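The structure follows.
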Number of protein chains: 2
Amino acid sequence: MKEGPDIAQIGALIGDPARANMLAALTGGRALTATELAGVGGITLQTASTHLAKLEAGGLLAQRKQGRHRYFTLADEAAARLIESMMGFAAGRGHLRHQPGPKEPALRKARICYDHLAGDYGVRMLDSLIASGAIDAVGDGLALTEKGESDLERIGIDVGDLRSSRRPLCRSCLDWSERRAHLAGGLGKALLSSFLDKGWARRTAESRSILFSPEGDRQFLRLFPIET
Amino acid sequence: MKEGPDIAQIGALIGDPARANMLAALTGGRALTATELAGVGGITLQTASTHLAKLEAGGLLAQRKQGRHRYFTLADEAAARLIESMMGFAAGRGHLRHQPGPKEPALRKARICYDHLAGDYGVRMLDSLIASGAIDAVGDGLALTEKGESDLERIGIDVGDLRSSRRPLCRSCLDWSERRAHLAGGLGKALLSSFLDKGWARRTAESRSILFSPEGDRQFLRLFPIET
DNA sequence: GCGATGCTTCGGTTACGATCGAAGTATGAA
DNA sequence: TTCATACTTCGATCGTAACCGAAGCATCGC
């Protein structure tokens, strides 16, 4: 039985709590230093260093040195998707480290998932785009329509530019808190960026949650209505 | 940092080599007994028993007692997809337990992936269905067209019956050996079943590979041509 | 140059969990 | 009833890897 890929290796990599915490933190899309990651992992810097080396060797992380700092990110979108899909599975089986602390509701409302919007707002946005005919949902695949393209150009998204990138425009990503799909891919990233640029929302320092300003909230809900 | 799903738990479950081997074996779709799984894991029955209990508690496996046997399967399609996606990731990063033994080529040509056809033949089938206009590919989603429905009815697939099931008709599943998508979902299962029923192919006893008969091979290649 | 910061490497300790032998329970066969 | 098969539970052993203190590099500011 020595055939096929070795899932035990990456399973073991993700299976250590300290490493899992670091990976989950990096799902926030921000590059973090070894010291910061040691913090989220609840371990000393030395231990974190060995963990990070293992994760990098395993192809889950990439690092970039900058001066005397070492910034770590998830290796690529495939790695991010793997972590997200494990979160989705874990949430579905009730494997939560719940501690429903005060930050929890904010996280469920809107959070960052690698580089796009997730949580209640993420799901709502995709639902609204589908309902308005801006995005076609076929099976579990998504495609931008012509109407969607012009709608989005109107709010300042340069779709042509996104198309020229190698990255898929639309991807669906399963939301672990809502258990439904939200929009990932180049378009998902561009939409979130535009919200941040417009000052409708901002990222928080230590968490993955996204905070909408009162004005941003209003604009978002107006732009992505849902019938109830 | 006690927020979100606990991926470390399932990571650790998959991270043990013996457990990973058992899970990989169950990806073959067959229900296996504890004794058989102990064999594929390379461990004694006692050890396997504790492993299986953990996997079941973790929501990865389901068991069915039948007489004095205990048959284990992957818990559901979500579990199967998780394992497959980890295999895809692992293969992409070169985490192979290669040992390119004699069974390897057969496995790459055609194998079972939970309940549908994978490997070179699986990828070819989907490519051909898309090329002939039987399936629409939108983003990474798949949808059966009207033409596809009538084509498939003609070779004895009862599409109406499949539609009435809760399970999605078409799903794309990333192939770890080919690194491209093949057809999963209810339709993927139905197609493989029909090949087996027609005697075009048969499953092998101890491996996940699917063996096509000379006649079945000919029919399959005729039915799913690809331009080169 | 010097000290300070960020990170890695080394060495030794410790704890967890995988492992198996042996004994115990359930189901089936004779 | 008795024996055999399939599996689980218990108890003890043992290896691995997570962990941290201390020391070693590298880079920055001065």
Side-chain angles (χ1 to χ4, degrees), chain A residues 1-2 6-26 30-73 75 95 97 206, chain B residues 1-2 6-26 30-58 60-73 95 97 206:
Chain A
M1 262 299 159
K2 288 273 178 42
D6 187 1
I7 56 176
Q9 285 205 26
I10 45 176
L13 282 176
I14 302 174
D16 177 82
R19 285 195 292 256
N21 282 334
M22 299 196 226
L23 289 168
L26 288 170
R30 245 190 250 278
L32 298 174
T33 65
T35 309
E36 290 170 319
L37 287 167
V40 309
I43 48 181
T44 61
L45 182 56
Q46 309 92 289
T47 310
S49 180
T50 66
H51 280 316
L52 291 168
K54 286 178 189 174
L55 287 171
E56 198 191 355
L60 282 161
L61 293 190
Q63 62 163 303
R64 207 172 60 225
K65 11 184 354 180
Q66 206 165 91
R68 51 184 163 178
H69 293 272
R70 216 151 209 141
Y71 285 95
F72 289 86
T73 54
H95 293 289
R97 0 164 231 188
E206 274 302 314
Chain B
M1 262 302 157
K2 289 272 176 45
D6 188 1
I7 57 176
Q9 285 204 27
I10 45 175
L13 282 176
I14 301 173
D16 179 82
R19 285 195 291 255
N21 283 334
M22 299 195 227
L23 289 168
L26 288 170
R30 244 189 250 278
L32 298 174
T33 65
T35 309
E36 289 169 319
L37 287 167
V40 309
I43 47 180
T44 61
L45 181 57
Q46 309 91 290
T47 310
S49 180
T50 66
H51 281 317
L52 291 168
K54 285 178 189 174
L55 287 171
E56 197 190 357
L60 282 160
L61 293 190
Q63 64 164 300
R64 208 174 60 225
K65 1 183 7 177
Q66 205 166 92
R68 52 184 162 177
H69 293 274
R70 220 156 205 137
Y71 284 96
F72 290 87
T73 55
H95 293 289
R97 358 166 232 185
E206 275 302 313

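Throughout, a chain's letter reflects where its sequence line sits, starting with A, and its residues are numbered from 1. Please read all numbers here as calculations on a predicted model, not as lab measurements.
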Between dC19(D), dG21(D), dC7(C), which one does the side chain of L45(A) approach most closely?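 So the nucleotide nearest the side chain must be dC7(C).
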Atom CG in N21(B), atom CG in D16(B): separation rounded to 0.5 Å?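 Between atom CG of N21(B) and atom CG of D16(B) there are 9.0 Å.
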Closest-nucleotide ordering on DNA chain C, the 5'-leading residue of A48(A) and G41(B):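 Its nearest nucleotide lies further toward 5', so the answer is A48(A).
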L37(B) side chain reached by H51(B) side chain, heavy atoms, under 4.5 Å: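 H51(B) does not reach L37(B) side chain to side chain.
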Nearest-Å distance for atom pair CG/P, residues L52(B) and dC7(D):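 Answer to the nearest Å: 9 Å.
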Distance in angstrom units between R70(A) CZ and dC28(D) P, rounded: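 After rounding, the gap between these two atoms is 12 Å.
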Please confirm whether the shortest side-chain N or O distance from K65(B) to OP1 or OP2 of dA26(C) is below 4.0 Å.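 Negative; the distance criterion is not met.
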Compare the minimum distances between each of dA18(D), dA18(C), dC7(C) and the side chain of A34(A), then state the nucleotide with the smallest one.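 Of all the options, the side chain of A34(A) is nearest to dC7(C).
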Does the side chain of T35(A) get closer than 4.0 angstrom to OP1 or OP2 of dG6(C) through an N or O atom?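 No.
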For G42(A) and Q66(A), take the nucleotide of DNA chain D holding the closest heavy atom to each; which residue's nucleotide lies nearer the 5' end?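 Checking each residue's closest nucleotide, the 5'-ward one belongs to G42(A).
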Give me the atom names and distance for the closest heavy-atom approach of G58(A) to L13(A).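 The pair with the smallest heavy-atom distance is CA-CD1, 3.8 Å.
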Please evaluate residues I10(A) and I14(B) with respect to the criterion side chain to side chain contact (heavy atoms under 4.5 Å, CB included), reporting the C-alpha separation (whole Å), side-chain torsions for both, the decisive distance (0.1 Å), and the verdict. CA-CA 8 Å; I10(A) 45 176; I14(B) 301 173; over 6 Å; no
Residue H69(A), side-chain atoms from C-beta onward, closest of dG21(D), dG6(C), dA22(C):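 When the side chain of H69(A) is considered, dG6(C) is the closest of dG21(D), dG6(C), dA22(C).
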Tell me: CZ of R64(B) to C1' of dC7(D), nearest whole Å?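 It works out to 17 Å between those atoms.
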Side chain of K54(B) (C-beta onward), nearest among dC28(D), dG21(C), dA18(C):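 The answer is dA18(C).
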Counting just side-chain N and O atoms, does S49(B) come under 4.0 Å of either OP1 or OP2 of dT8(D)?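 Answer yes for this pair, as a side-chain N or O of S49(B) is under 4.0 Å from OP1 or OP2.
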Integer-rounded Å distance: dC7(C) C1' and Q63(A) CD: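 Roughly 10 Å, once rounded to whole Å.
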Would you say a side-chain N or O of T47(B) is under 4.0 Å from OP1 or OP2 of dA18(C)?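 No, no such contact exists.
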Minimum-distance nucleotide to Q46(A) side chain [options: dC7(C), dT19(C), dA22(D)]: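 Among dC7(C), dT19(C), dA22(D), the one nearest the side chain of Q46(A) is dA22(D).
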Nearest 0.5 Å, please: how far is OH in Y71(B) from CD in E36(B)?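 Rounded to the nearest 0.5 Å, the CD-OH separation comes out at 7.0 Å.
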Integer-rounded Å distance: dA18(C) C1' and L55(B) CG: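 One finds 13 Å between C1' of dA18(C) and CG of L55(B), rounded.
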Nearest to the R68(A) side chain among dC20(C), dG6(C), dA4(D), which nucleotide is it?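 Side chain of R68(A) sits closest to dG6(C).
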Euclidean distance, atom OH of residue Y71(A) to atom P of dG6(C) [Å, nearest integer]: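 Y71(A) atom OH is separated from dG6(C) atom P by 10 Å.
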Could you grab the distance from atom CG of L60(A) to atom CD of Q9(A), nearest 0.5 Å is fine?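 Separation between the atoms: 10.5 Å.
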Looking at dA17(D), I'd like to know if its phosphate oxygens (OP1 or OP2) sit under 4.0 Å from a side-chain N or O belonging to H51(A).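 Checking H51(A) against dA17(D): no side-chain N or O falls below 4.0 Å of OP1 or OP2.
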Just the rounded figure in Å: distance from P of dT5(D) to CD of E36(B).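 For the pair E36(B) CD and dT5(D) P, the rounded distance is 16 Å.
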Separation of atom CD1 in I43(B) from atom C1' in dT8(D), rounded to whole Å: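 After rounding, the gap between these two atoms is 14 Å.
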